[in-house]
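Just follow the structure's listing: the first ligand is 1, and inside any ligand the first atom is 1.
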Amino acid sequence: MVVVREGSRGTDLTAEGHALALDAADPLAGFRERFYVPEGTVYLDGNSLGLLSREAEAEVLRALAEWKRLAIGGWLGAEPTWFEMGEELGAATAPLVGAEPGSVVVTGGTTVNLHALVSTFYRPEGARRKIVATALDFPSDVYALASQIRLRGGDPATDLVLVPSRDGRTIDEADVVAAFADDVALALLPSVLYRSGQLLDLPRLAAAARERGVSLGFDCAHSVGAVPHRFDEWGVDWAFWCSYKYLNAGPGAIGGLYVNRRLWGTAPGLAGWWGYDKTRQFDMAFDWTGGEGAGAWQIGTPSLLAAAPLRGALRVFAEAGIGALRERSLRLTGYLMGLLEAEGLLEEPFGYRIGTPREPARRGGHVAVEHAEGARIARALKARGIVPDFRAPNVIRLAPVPLYTSFHEVWRAVGALREIVAEGEHLRGAAGRELVA
Ligand SMILES: *Cc1c(COP(=O)(O)O)cnc(C)c1O
C-alpha cells in the first residue's frame with residue numbers, strides 16, 4: 001500500500017480513521033439524516049436518481065391532502081396555489097442557477113424543455129442554419145436536435161455539427177469556440193458531460209457565442225444542484241435541466257428551464273395555454289399573450305404530484321447553500337480520486353483509470369472510473385451493496401453526493417474496488433451491462 005502524506009500533519013490518506021475524522025469534522029454531515037439512504041447500501045448514484053428526503057416526502061403527502069380536501073379548489077386555494085406552481089418553484093430554483101426569479105420556471109422534462117427552447121431559438125436563416133453540439137453529448141439531446149433540424153426542412157447530416165473530443169473523454173472549449181462559425185445559428189452544450197464528468201467553462205462559451213451571434217443553450221441535467229451557476233451574470237441565453245438527479249425531486253420529477261431577460265417576449269416555438277399571461281389565461285382568447293418571463297415556455301397543465309417533492313428538496317438546498325455543497329462535493333470527489341491513487345488502483349495489476357479532469361474547476365459532481373471490465377465491476381459493487389452506475393463501454397460513475405454521502409462511504413467504495421479486482425470477484429459474474437445501467 002502506498003502511503004500518501006497529506007500536508008504537514010502526516011495523515012495517511014488511506015487510513016479508515018482519516019475518513020472517520022473527516023466526517024466527524026464536517027459541518028454538513030448532519031444533512032444525511034434528512035434522507036432515506038436505502039438500508040445496507042453505499043449510494044453513489046445520486047447523479048442518476050437522487051434520494052428521497054423527509055422534506056420532499058412531506059410535500060408529496062401535503063399535496064395529496066390538499067387534493068383530498070380542496071379538489072378543484074386547489075388551483076387557487078392550495079398554499080401555495082397549484083395555478084402558479086411553475087413560477088413559484090422556478091423562483092425557488094433561481095438561486096441555484098444564479099438567475100432572477102422570473103427567468104426560471106419549473107415545467108416539463110429535460111428533453112421536452114430542450115424542444116420547447118430549441119424550437120424557439122433555432123431560426124435557420126440564409127446560410128446560418130447549423131446547430132453545434134458535441135460528440136460526447138447525452139444521446140437524447142442529439143436525437144432531439146436532429147429532429148428539430150428535420151422539422152425545419154434541414155438535414156442533420158450537414159446541419160448538425162458535433163464538436164469532436166480529442167481524448168474520448170473531454171471537450172476542449174477552444175474547439176467549441178472554433179466551431180461557432182458564420183453558418184451556425186444555435187448551439188446546445190452540456191454543462192457537465194454525463195460520462196466523464198467534465199465541467200465546461202460556461203462563462204467563456206456564453207461570451208464567445210454572443211460575440212458570434214450564436215444562440216447558446218446549456219443542458220444542465222448534470223450540474224444543477226451540484227455546481228453553482230451564475231446565468232444572469234454570464235449572459236447565458238437559455239438552459240434547462242431535470243430535477244431527479246442532484247435535485248432529489250424523485251423519478252421523472254418535473255424539470256426546469258431558464259430564459260435570460262433579454263429574450264423574454266420571444267414567441268415560444270411550442271406555445272400552450274399554460275404559458276399564457278396568468279392574469280388572463282382564463283379569458284380563453286385565441287390571440288397569444290405570453291407570460292412575462294420564462295413562464296411563457298410552459299405548455300400545458302403541470303403535474304402537481306411530480307412537482308410537489310421538488311419544493312421540499314429545494315428547501316434542503318436553501319438551508320445547506322449551493323456554495324457550501326459544491327465545496328463539500330469537491331472535497332469528496334478529490335478524496336475519492338486521491339484514494340484511488342494512494343491505494344495504487346491506477347496501476348497494474350488493478351488497471352483503473354480516472355476519466356474525470358482532476359482540476360476542481362473542470363469537474364462536476366461525479367467521478368468517472370474507467371476499467372476494461374467496468375460492467376462486471378459495477379455489478380460486483382452492487383452485489384456488495386455499493387450502488388454506482390455504469391456507462392458503456394467502460395465507465396463506472398461514482399457520485400458522492402454532498403448532501404448525503406460520507407467520507408467513510410467513499411473510503412469503503414474504494415476499498416471494494418481494490419478487493420473486487422484483487423480477488424477476481426467480478427470475473428465470477430455475468431458479462432455485459434444491465435438494461436437500465
Ligand atoms: C439525464 C439527462 C437527460 C434526461 O432527459 P429526460 O428528458 O429527463 O429523460 C437529458 N440530458 C442529459 C445531459 C442528461 O444527463
Peer 1: Could you tell me whether Glu55 and Arg311 have a side-chain N and a carboxylate O separated by less than 4.0 Å?
Peer 2: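 No, no charged N to carboxylate O under 4.0 Å.
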
Peer 1: Taking atom types as modelled, find out whether Thr333 and Arg363 have a side-chain donor-acceptor pair closer than 3.5 angstrom.
Peer 2: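 There is such a pair between these side chains.
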
Peer 1: Which residue owns the protein heavy atom closest to atom 9 (O) of ligand 1, what's the atom, and how far is it?
Peer 2: Tyr244 OH, 3.4 Å

Peer 1: So if I count the atoms of ligand 1 from 1 in the order they appear, which ones are less than 4.0 Å from some heavy atom of His222?
Peer 2: 15 (O)

Peer 1: Quick one: look at Thr111 and ligand 1, take heavy-atom pairs under 4.0 Å, and tell me if it's side chain, backbone, both or neither.
Peer 2: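 Contact part for Thr111 vs ligand 1: both backbone and side chain.
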
Peer 1: If you apply the rule ring pair (Phe, Tyr, Trp, His ring centres under 6.0 Å), what do you find for Tyr276 with Trp288, and how did you get there?
Peer 2: CA-CA 7 Å; Tyr276 209 82; Trp288 171 258; 5.8 Å; yes

Peer 1: At under 4.0 Å between heavy atoms, is it the side chain or the backbone of Ser140 that contacts ligand 1, or both, or neither?
Peer 2: neither

Peer 1: Could you label the plane-to-plane angle of the Phe83 and Trp274 rings as parallel, tilted or perpendicular, counting under 30° as parallel and over 60° as perpendicular?
Peer 2: perpendicular

Peer 1: Step by step, would you call Leu186 with Leu216 a side chain to side chain contact (heavy atoms under 4.5 Å, CB included)?
Peer 2: CA-CA 6 Å; Leu186 178 140; Leu216 171 62; over 6 Å; no

Peer 1: N/O to N/O below 3.5 Å, does that happen between Tyr194 and ligand 1?
Peer 2: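 No; every N/O pair is 3.5 Å or more apart.
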
Peer 1: Is it the case that the side chain of Thr81 and the backbone of Ala78 share a donor-acceptor pair, with hydrogens and angles ignored and the cut-off at 3.5 Å?
Peer 2: no

Peer 1: Excluding sequence neighbours, so at least two apart, what forms side-chain hydrogen bond (donor to acceptor under 3.5 Å, both in side chains) with Glu319?
Peer 2: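 Residues passing side-chain hydrogen bond (donor to acceptor under 3.5 Å, both in side chains) with Glu319: Arg34.
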
Peer 1: Just to confirm my output: which protein heavy-atom neighbour is closest to atom 11 (N) of ligand 1, and how far is it?
Peer 2: Asp219 OD2, 2.8 Å

Peer 1: Give the atom numbers and elements of ligand 1 that come within less than 4.0 Å of a heavy atom of Asp141.
Peer 2: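 Near Asp141, meaning under 4.0 Å from one of its heavy atoms, ligand 1 has 10 (C), 11 (N).
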
Peer 1: I need the nearest protein heavy-atom contact for atom 3 (C) of ligand 1: residue, atom name and distance, please.
Peer 2: Phe138 CE2, 3.5 Å

Peer 1: When you measure from atom 14 (C) of ligand 1 to every protein heavy atom, which one gives the shortest distance, and what is it?
Peer 2: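 Heavy-atom neighbour on the protein nearest atom 14 (C) of ligand 1: Lys245 NZ, 2.8 Å.
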
